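Take a look at the structure below.
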Amino acid sequence: MNIKISFPDGSEREFPKDISSYDVAMSISPGLARNVVAAKVNDKLIDLNAPIKEDASIELYKFDSEIGQEIYWHSTAHLMAQAVQEIYPDVKVTIGPAIENGFYYDFDKEIPFTDADLVKIEAKMKELSKQKLEYKREEISREDAIKKFADMGETYKVELLEEIPEGEVISLYSQGNFVDLCRGPHLPNTGMIKSIKLLKTSGAYWRGDEKNKMLQRIYGISFPSNKELNKYLAMLEEAKKRDHRKLGKELDIYSISDDIGAGLVLWHPNGGLMRSVIEDYWKKRHFEDGYSIVNTPHIGKKELWITSGHLEFYEDVMYNPIMVDDQEYYLKPMNCPFHIGIYQASKKSYRDLPIKMAEMGTVYRYEKSGAMHGLMRVRGFTQDDAHIICTPEQLDDEIMDVLRFSISILKAFRFKELEIYLSTMPEKAVGEKEDWDKATSALEKALKAENIDYKVDEGGGAFYGPKIDIKIKDALNRSWQCSTIQFDFNLPERFEMEYIGADNKPHRPFMVHRALLGSLERFFGTLIEYHAGNFPLWLCPVQVEVIPISEHYEKYAKDVNVKLKAAGIRSEVDLQNEKIGYKIRGAEMRKIPFMFIVGAKEQENGTVSVRRHGVGDLGSKEINEIIVEIKQENDEKK
RNA sequence: GCUGGGAUAGCUCAGUCGGUAGAGCAACUGAUUCGUAAUCAGUAGGUCGGAGGUUCGAAUCCUCUUUCCAGCACCA
């Protein structure tokens, strides 16, 4: 008997009943069959060797697809678990999924894995791969499965089994002597896993809960060929060079000193200059967009933080109080209560709204020791914070405006790949459901109106309101939250904020928190990594290095420098008693965008020889001409 | 905070079995006056993160502590 199978391109062919996806691939070409790792039949992922029983649509996936990779890595995780149990029979297995880049598997093992263990496990995996063990699927009743795993002493699997909902198919996958509870699908056999690298070990809590036991996790990655693995490893090496902690030191941007305190940043002159350039731009844009700039203190009375709710919710991450005249004061973890104080300094009418207040406010939060990370997670940082206080009617427009504004500013820093999230109501939340819906839909409407691709983080909102977050990835592909637009149902209520409406009655305003760059510290971290230290010209601490060929041309070099400075260009002259190769190398390593080399020819003709960082010699140009070019690039923020 | 691994000159790193520390770059001095990513020579620079302990003797072994790295947890 034959069945009809249709392909993604719309074509249709007949095959014998019970044919496997692998054989379908084989019928197309042996090359495809060699490379295919997964199949979706009637929109359901199944094993390649599973029989197709009826007319169906089919999609075949190779390793180069996301689905293909996921299955490939998931199967590798099983292979690793098998290898681990062969070497350490007492180890209990837990879970081991594929992740964005590779896979991990968590084991319950008393003695943590060492690097030497990884080498052994990797070797064992390669050995098992060569045996081309088949991944066999078996469906089984819950009782049988529980008994089986209980007999093996696999208590974690029993716990998982007990929680699988009634009526769901329970499947086991085995290869060789290794059996795992798993939904599948998997590769046909271990021989398809060619190139394996175990990358790191670490502790990880069972089920991600710190109250549970800490398990031992191994991360790894695998590829169909060594070439792809080596490419991936080379990419990781490259990424390390972009690390902001390394570049921050090399470019003399900031430092963090043990003597001063963990998580407290010292901004060096280069970082300070960039910060001030950013702040100037930030202020200019905010004034243009109708914000007021305010300034508020770093500490406030305990009562204030009780009213705001911060002490109730965040006391464990706030610094201990300071005693002042027998009163307790706390370092501010947020600026909002102070901005509300400004709002409440006088009676507000609906005619005053919206009120938009912005501040570069430095806040302090006690981050747990293991959480700190370069500039990304620190204990003292400056938020480019703003609060928008408006009437309910103004909400949609204000959200739209702030979203547009945020993205427009991020563009000046040339970020292109942004991840945008809409985070909705969490379980523990204040405020009415209808208000949450209204606010969430305002956020969603704005995202849609701006044609922005976003993901929904279900239940990921703050307890006081839904939010839009913009995240930027670092060199190692880790995401960091920068911009955030957060609705707040909590503070207007707690502080009993009001305005007098057209009806001459008091009303409660809506409030939106918003940080654009987020924390300046974190923003710098992402900025450094994103550009690998090659900042857009307008941000560079030194834009032009004037390099005289020898002492004889110092006078001319200084004249050029004066002209550049007069034009508002940040420049300096390299007066070291060195050859120009040496000076150029220095300027290149500092990633200074322009080098002007001047010698006899240039002095005679009133020109400079222009060299661009990372590009090379651009030939000689009239001074005035190149000044115009540089100013233009600077103003366009290219 | 948790698990594991680190901390040696300003930076990057070496230091074997426990015998009181070494290189390159940077800095400083001198020579050189140079055409697009390192001119040569010399000088100086260290309580080996900190505190205890073991030992005749500790950078090295042990304990505690600070801090960094990777991951987990957390991230208003």
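Here the structure is a predicted model, which is why all the values come from computation and not from measurement. In what follows, chains are A, B, ... by sequence order, proteins preceding strands, each numbered from 1.
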Winner on side-chain proximity to A/S369, out of B/A37, B/G1, B/C72, is B/G1
Closest to the side chain of A/V317, out of B/A76, B/C75, B/A73, is B/A76
For A/E578, report the nucleic acid contact type (base, sugar-phosphate, nothing); a contact means any heavy atom under 4.0 Å.
base
Describe the nucleic acid contact of A/A587 in one word from base, sugar-phosphate, nothing, applying a heavy-atom distance below 4.0 Å.
nothing
Using the C1' atom on both, measure B/U65 against B/G71 and round to a whole Å.
23 Å
Of the nucleotides B/U3, B/U33, B/A76, which has the atom closest to the A/H552 side chain?
B/U33
Quick one: look up who B/G42 pairs with, Watson-Crick or G-U, both distances under 3.5 Å, and put none if it's unpaired.
B/C28
Identify which one of A/H339, A/K467, A/Q486, A/H387 satisfies the side-chain hydrogen bond (donor to acceptor under 3.5 Å, both in side chains) criterion when paired with A/H513.
A/H387
Touch check for A/A262, heavy atoms < 4.0 angstrom, all strands: base, sugar-phosphate only, or nothing?
sugar-phosphate
Could you check A/D243 against A/F113 and say which one's nearest nucleotide on RNA chain B is further toward the 5' end?
A/F113
Using the P atom in both, what is the distance from B/C68 to B/G49, to the nearest Å?
16 Å
Counting only Watson-Crick pairs (N1-N3 plus N6-O4 or O6-N4) and G-U wobbles (N1-O2, O6-N3), all under 3.5 Å, who is the partner of B/U20?
none
Return no unless some side-chain N or O of A/R217 is found under 4.0 Å from OP1 or OP2 of B/A70.
no
Any side-chain N or O of A/H373 less than 4.0 Å from the OP1 or OP2 oxygen of B/A70?
yes
Indicate the ring-plane relationship of A/Y105 and A/F107, choosing parallel, tilted or perpendicular according to the 30° and 60° boundaries.
parallel
What nucleic acid atoms does A/K200 come within less than 4.0 Å of, heavy atoms only: base, sugar-phosphate, or nothing?
sugar-phosphate
N or O in side chain of A/K249 less than 4.0 angstrom from B/U12 OP1/OP2
yes
If you go through the side-chain atoms of A/R611, does one of them form a donor-acceptor pair with the base of B/A37 closer than 3.5 Å?
yes
For A/R612, which contact category applies under a 4.0 Å heavy-atom criterion: base, sugar-phosphate, or nothing?
nothing
Go nucleotide by nucleotide along RNA chain B from the 5' end; which of A/T114 and A/R478 gets its closest nucleotide reached first?
A/T114
With heavy atoms under 4.0 Å as the rule, sort A/Y104 into base, sugar-phosphate or nothing.
nothing
Pairing partner of B/U3, by Watson-Crick or G-U wobble and under 3.5 Å for both distances, is B/A70
Tell me which nucleotide among B/A73, B/C34, B/A76 gets nearest to the side chain of A/Y205.
B/A73
When all nucleic acid strands are considered with a 4.0 Å heavy-atom cut-off, which category describes A/G581: base, sugar-phosphate, or nothing?
sugar-phosphate
ring-ring contact (aromatic ring centres under 6.0 Å, His included) test vs A/W305 passes for just one of A/F313, A/Y319, A/F338, namely A/F338
Would you classify A/D617 as touching base, sugar-phosphate or nothing, given that sugar-phosphate means primed atoms plus P, OP1 and OP2, and contacts are heavy atoms under 4.0 Å?
base
When the P atoms of B/C69 and B/U12 are considered, how many whole Å apart are they?
13 Å
Is there a Watson-Crick or G-U wobble partner for B/G35 with both distances under 3.5 Å, and which nucleotide is it?
none
Base, sugar-phosphate, or nothing: which does A/G616 touch, judged by heavy atoms less than 4.0 Å apart?
nothing
Are the side chains of A/Y366 and A/D316 in touch, meaning some heavy atoms are under 4.5 Å apart?
no
Stacking check: are the rings of A/Y464 and B/A76 less than 5.5 Å apart at their centres and under 30 degrees in tilt?
no
Watson-Crick or G-U wobble partner for B/C64, using a 3.5 Å limit on both distances?
B/G50
Check whether any side-chain nitrogen or oxygen of A/Y219 sits under 4.0 Å from OP1 or OP2 of B/C72, and answer yes or no.
yes
Hey, does A/T201 reach any base, or is it just sugar-phosphate, or nothing, if we go heavy atoms under 4.0 Å?
nothing
Can you say whether a donor on the side chain of A/Y553 sits under 3.5 Å from an acceptor on the base of B/G35, or the other way round?
no
Assign A/H513 to base, sugar-phosphate, or nothing according to its heavy-atom contacts below 4.0 angstrom with the strands shown.
nothing
No-H, no-angle donor-acceptor pair, A/R377 side chain to B/C75 base, under 3.5 Å:
yes
Name the orientation class of the two ring planes belonging to A/W206 and A/Y156 (parallel below 30°, tilted from 30 to 60°, perpendicular beyond 60°).
perpendicular
Any idea which of B/A76, B/G71, B/A27 is nearest the A/Q576 side chain?
B/A27
For A/E367 and A/R522, what are the C-alpha separation, side-chain angles and deciding distance, and is it a salt bridge (Lys or Arg N to Asp or Glu O under 4.0 Å)?
CA-CA 14 Å; A/E367 296 284 0; A/R522 176 176 294 181; over 6 Å; no
Hey, does A/K601 reach any base, or is it just sugar-phosphate, or nothing, if we go heavy atoms under 4.0 Å?
base
Starting from the C-alpha separation in whole Å, work towards a yes-or-no answer on salt bridge (Lys or Arg N to Asp or Glu O under 4.0 Å) for A/R590 and A/E545.
CA-CA 10 Å; A/R590 288 167 66 198; A/E545 185 78 17; 3.7 Å; yes
Counting only side-chain N and O atoms of A/Y582, is one of them less than 4.0 Å from OP1 or OP2 of B/G35?
no
Counting only distance, no hydrogens or angles, is the base of B/G35 paired donor-acceptor with the side chain of A/E602 under 3.5 Å?
yes
Among B/U3, B/A76, B/A37, the one nearest A/R585 by side-chain distance:
B/A37
Considering only B/C72, B/U67, B/A38, which nucleotide approaches the side chain of A/M214 most closely?
B/C72
A/I87 and A/I121: which non-hydrogen atoms are nearest, and at how many Å?
CD1-CA, 3.8 Å
